[in-house]
Amino acid sequence: MNGNNQPVWVTGAGGLIGNYLVQTAPRYASNRRVIGLTHTQLDVTDFSAVREQFRTRKPQLIVHCAALSRSPACQENPSLARKLNVEATAGLAGLAADIPFIFFSSDLVFDGRQGNYDESAQPNPLTVYAETKIAAEQFVLANPQHTVVRLSLNGGASPTGDRGFNEEMRRAWQAGKTLRLFVDEYRCPMPAIVTARAIWELVAHCKPGLYHLAGSQRLSRWQMGQLIAARWPQLNPRLQPASRKEYAGPPRPPDTSLNCARIQKLLSFPLPRLDEWLMANPNEPF
């Protein structure tokens, strides 16, 4: 697919990554007519409306960001999680049977006992959220033209101000809270603006399949908090180290760090370490 100003749908454009995909499109996908669709513009759970819009507007690529992405919300409402994360994805992927389709999954499909997971690693979901992502992946990857990209924690500036992990930390500090952050839970955080650039490069390569896309630095929640706190001294950020051993809520994988060598071979830039990226981009909202 060579672009030629063909329409591209980005669902969930009111979220963190969807918004960055739309904002970065003029720079990284200038040959495409990118249409950002928020929940108000397209309720992906209303399949008849989605089908009607698809037939009328004829997108030539769909990047599907819309999801119920907060794990606690999925645990509390499994039927809504399945409707939004699985059924809506399967419906869209079916409509997009003859065009490229990109679906975002998560590092949380793994149980976290191993870490440094590559695409050949066996998922073992511990939560409702992870189960819905695995189910949706299977629908998407049944079509060899379609792509699944598993992401880690993303940060940046979202339209609602509460979608990035960094925004959640900042809001807690603004409310005068002390954050207790695990020293023994690891992920590979990534600036959403970099995720968006990588996705547009992946689109240009026309190489569908399964990919892992995350930052190149494995960090604990505690280390992430220290990096964000150093960026916002004016908030007087307070944080305390904590351990997963003290935690009594739903299961949490200890180490879902991702091996991103496969996608890195396709990209024109190195996937960043979060500490280096923050230092190199002091004015980027994070």
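Every value quoted in this text rests on a predicted model; they were computed, and no experiment measured them.
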Seminar exercise, completed: Distance col, row H64:NE2 vs L37:CG, nearest 0.5 angstrom, shows 11.5 Å
Exercise. If you group Ile, Leu, Val, Met, Phe, Trp and Tyr whenever their side-chain heavy atoms sit less than 4.5 Å apart, what else falls in with L108?
Worked result: Y129
Exercise. Ion pair present between R82 and E131, side-chain N to carboxylate O less than 4.0 angstrom?
Worked result: no
For this session: Just grab all the salt bridge (charged side-chain N to carboxylate O under 4.0 Å, His left out) pairs involving residues 102-125, residues at least two apart or on different chains.
Result: D107-R187, D111-R113
For this session: Ignoring hydrogens and angles, tell me if any N or O in the side chain of Q6 forms a donor-acceptor pair with the backbone of Q60 under 3.5 Å.
Result: no
Exercise. Applying ring pair (Phe, Tyr, Trp, His ring centres under 6.0 Å), which residue pairs with at least one partner in residues 262-286 are found, sequence neighbours left out?
Worked result: F165-F286, W277-F286
For this session: Mark yes or no for whether S257, through its side chain, and G115, through its backbone, hold a donor-acceptor pair below 3.5 Å.
Result: no
Exercise. L92 pairs by side chain to side chain contact (heavy atoms under 4.5 Å, CB included) with which of F103, F101, F47?
Worked result: F101
Exercise. Are R163 and E167 close enough for a salt bridge, meaning some N to O gap below 4.0 Å?
Worked result: no
Exercise. Which residue pairs pass the ring pair (Phe, Tyr, Trp, His ring centres under 6.0 Å) test when at least one of the two sits in residues 225-264, sequence neighbours left out?
Worked result: F182-Y247
For this session: Assess the pair F110 and H212: is the distance between their ring centroids shorter than 6.0 Å?
Result: yes
Problem set entry | Distance in Å, L219 CG paired with Y186 OH, rounded so as to fall on 0.5 Å steps | 9.5 Å
Exercise. Is N281 reaching over with its side chain to a backbone N or O of E284, donor-acceptor style, under 3.5 angstrom?
Worked result: no
Problem set entry | Aromatic ring pairing F54/W9, orientation class (parallel under 30°, perpendicular over 60°, tilted between) | perpendicular
Exercise. Out of D255, T256, N116, which residue meets the side chain to side chain donor-acceptor pair (under 3.5 Å) rule with R218?
Worked result: D255
Exercise. Distance from H205 atom NE2 to T147 atom OG1, nearest 0.5 Å?
Worked result: 12.5 Å
Exercise. So how far is it from N19 CG to I17 CD1, rounded to the nearest 0.5 Å?
Worked result: 11.0 Å
For this session: Please list all pairs passing the side-chain hydrogen bond (donor to acceptor under 3.5 Å, both in side chains) test where one or both residues lie in residues 97-106, with sequence neighbours left out.
Result: S105-E137
Problem set entry | Atom CZ of F139 with >12 non-hydrogen neighbours under 6.0 angstrom | no
Exercise. Listed by chain and number, what are the side chain to side chain donor-acceptor pair (under 3.5 Å) partners of R33, not counting sequence neighbours?
Worked result: none
